[in-house]
Amino acid sequence: MESPSQARNPDGLSRDHLPAEQLAALQVQRLRQTVQWACDRVPLYRQRLAAAGVAPDEIRSLDDLARLPFVTKEDLRGAYPFGLFAVPLDQVARLHASSGTTGKQVLVPYTRADLDVWTEAMFRVLTWFGIRPGDVIHNAYGYGLFTGGLGFHYGVEALGATVIPASGGNTDRQITVLQDFGATVVCCTPSFFLHMADRAQQMGVDLRALRLRAGVFGAEPWSEEMRDRIQQAAGIEAFDIYGLAEIVGPGVAAECAAHQGLHVLEDHFYPEVVDPASGRSVPDGQPGELVLTTLSKQALPMLRYRTGDMTAFCPGVCPCGRTLRRIRRISHRSDDLFIVHGVNVFPAQIEAALLAVKGTLPHYQIVLSHERDQDQAEVQVEITPEMFSDRIGVLEELQGRLTRAIRQAVGVQLGVRLVEPRTLARSEGKARRVIDQR
Ligand code: DLL
């Protein structure tokens, strides 16, 4: 594995700027190696490829990828804990796990070389956010089995900037650290940052007056409206970063300063966007499920992994000049969808509608119940203290505006309940937006 500082090809072009043919040549070569590696070492891949009638040496172009069968989270769970490992345990340098928010967790092994790939990916995206040696990074992603903490940690160290390993939780202490240690960049889930911003206000700390200039947010879906709220609350530029433990952790894709989609590090993680029902690729701009293939990982090679994350390829080229393809921000997971009165709804649509209305706070949850033989959804949203102390008529008017905004966004009328500031549960990691009481 090349070190991060060598992530350039002999012509001096960085991996982020390779012309399409050079990138494709690198991808095909790595794809063939990965398929061979997986087939040689993992019985499940060997059986699946044989059943599909594909031999690794038949992989000659990226189009051949479509001949490979998909791998799903169920496959990973079925093989729990070690069944898909492609190396013996004594070659595993570290183990992480996916968050397990949608069921049993998945165990993820890394060889030493896999950790280098990950660090290189994080190092590269951190530079896209304008982070340089001299920056101080307050890392409030959880350290532990979750990949957020250590993923950022090693990327920052490789870059030569300063990392504060704050980890998640202990909000008041985080705010004191933010204030005293002079962080220029903060990294955490968007929901936890808003919780910190809220607490800071209560503690009389003005985040806008600190040295902070940027924030790197991911690990859960968030909306443009949430970005506006975050940027205003702290006077920072907010970047979106995407990743998942099964592939590597954070660093699979991220925004650049253009904020027009997330570039995928496609020299390491090859992306496809497919129709979830048919499994066929959809054209650029069309929504579908993200499918990822690792091109340089050893311990857990993933061939056409169905992420469940819904996105679309952004058409055209990015003004930043990087040639890596971009995906739109992840709108939702395919299993986040709920159906009310026959209409498909996902939380980020509701978030966008709520936060576009003045007088709301960026803290909300959606409670699903089953009444009168039908599924019902109630949206509970906190409103600003000024609104709350106002007259009943004002509250009714706000409730009406929110109900109309949601109906317009999702196409169906949902119940809306206004609640006092700081009454809904706060998360210290990934927010739980939907409470399912059905
Ligand atoms: O959440 C890795 C990560 C850590 C990403 C820190 C970004 C920052 P898992 O716990 O395995 O890994 O959860 C992965 O979280 O499949 C998505 O559904 C969701 N997710 C991650 N990033 C984003 C994002 C980490 N930027 C799952 N937008 C993924 C929306 C995201 N959803």
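Heavy-atom basis, side chains included; hydrogens, waters and symmetry copies ignored. Remember, it's 1-based here, ligands and their atoms both numbered in the order they're listed. Residue numbers start at 1 and run along the sequence shown.
- The option with the heavy atom closest to atom 26 (N) of ligand 1, from among I241, I330, V216, is I241.
- Two rings, from F181 and H138, have their centers 6.0 Å or more apart.
- Annotation: cation-pi geometry not satisfied between K73 and Y305 (NZ/CZ under 6.0 angstrom from ring centroid, within 45° of ring axis).
- Counting heavy atoms under 4.0 Å from ligand 1, residue L244 touches it through both backbone and side chain.
- The shortest N/O to N/O separation between G218 and ligand 1 does not fall below 3.5 Å.
- Within the listing of ligand 1, atoms 11 (O) sit less than 4.0 angstrom from a heavy atom of S98.
- At under 3.5 Å, a nitrogen or oxygen of K430, whether backbone or side chain, sits near a nitrogen or oxygen of ligand 1.
- Looking only at atom types and distance, the side chain of S334 has no donor-acceptor partner in the side chain of E289 under 3.5 Å away.
- Residue E220 holds the heavy atom nearest to atom 31 (C) of ligand 1 of all those in K73, E220, M122, H332.
- Figure legend: R325 and Y270 shown as a cation-pi pair, the cationic atom lying under 6.0 angstrom from the six-membered ring centre and within 45 degrees of its axis.
- The ligand atoms of ligand 1 that sit less than 4.0 angstrom from a heavy atom of T147 are 2 (C), 12 (O).
- Of the N and O atoms on the side chains of E237 and H259, at least one donor lies less than 3.5 Å from an acceptor on the other residue.
- Atoms of ligand 1 lying under 4.0 Å from at least one heavy atom of R333, given by number and element, are 16 (O), 18 (O).
- Near D309, the atoms of ligand 1 lying under 4.0 angstrom from a non-hydrogen atom of the residue are 16 (O), 17 (C), 18 (O), 29 (C).
- Any N or O atom pair closer than 3.5 Å counts here, and W222 shares no such pair with ligand 1.
- For ligand 1, the atoms closer than 4.0 angstrom to any heavy atom of Y141 are 6 (C), 8 (C).
- When only modelled atom types and interatomic distance are considered, Q202 and R199 share a side-chain donor-acceptor pair under 3.5 Å.
- Each of the following atoms of ligand 1 lies closer than 4.0 Å to a heavy atom of G148: 4 (C), 6 (C).
- When the shell of 6.0 Å around CZ of R280 is examined, it contains 12 or fewer heavy atoms from other residues, nucleotides or ligands.
- In the model, D40 has a side-chain atom that pairs as donor or acceptor with a side-chain atom of Q36 under 3.5 Å.
- Under a cutoff of 6.0 Å and an axis angle of 45°, R426 and F192 do not form a cation-pi pair.
- Counting heavy atoms closer than 4.0 Å to ligand 1, residue D240 contributes side-chain atoms (C-beta onward) but none from N, CA, C or O.
- The residue among G251, C188, G243, A97 with a heavy atom at the shortest distance from atom 21 (C) of ligand 1 is G243.
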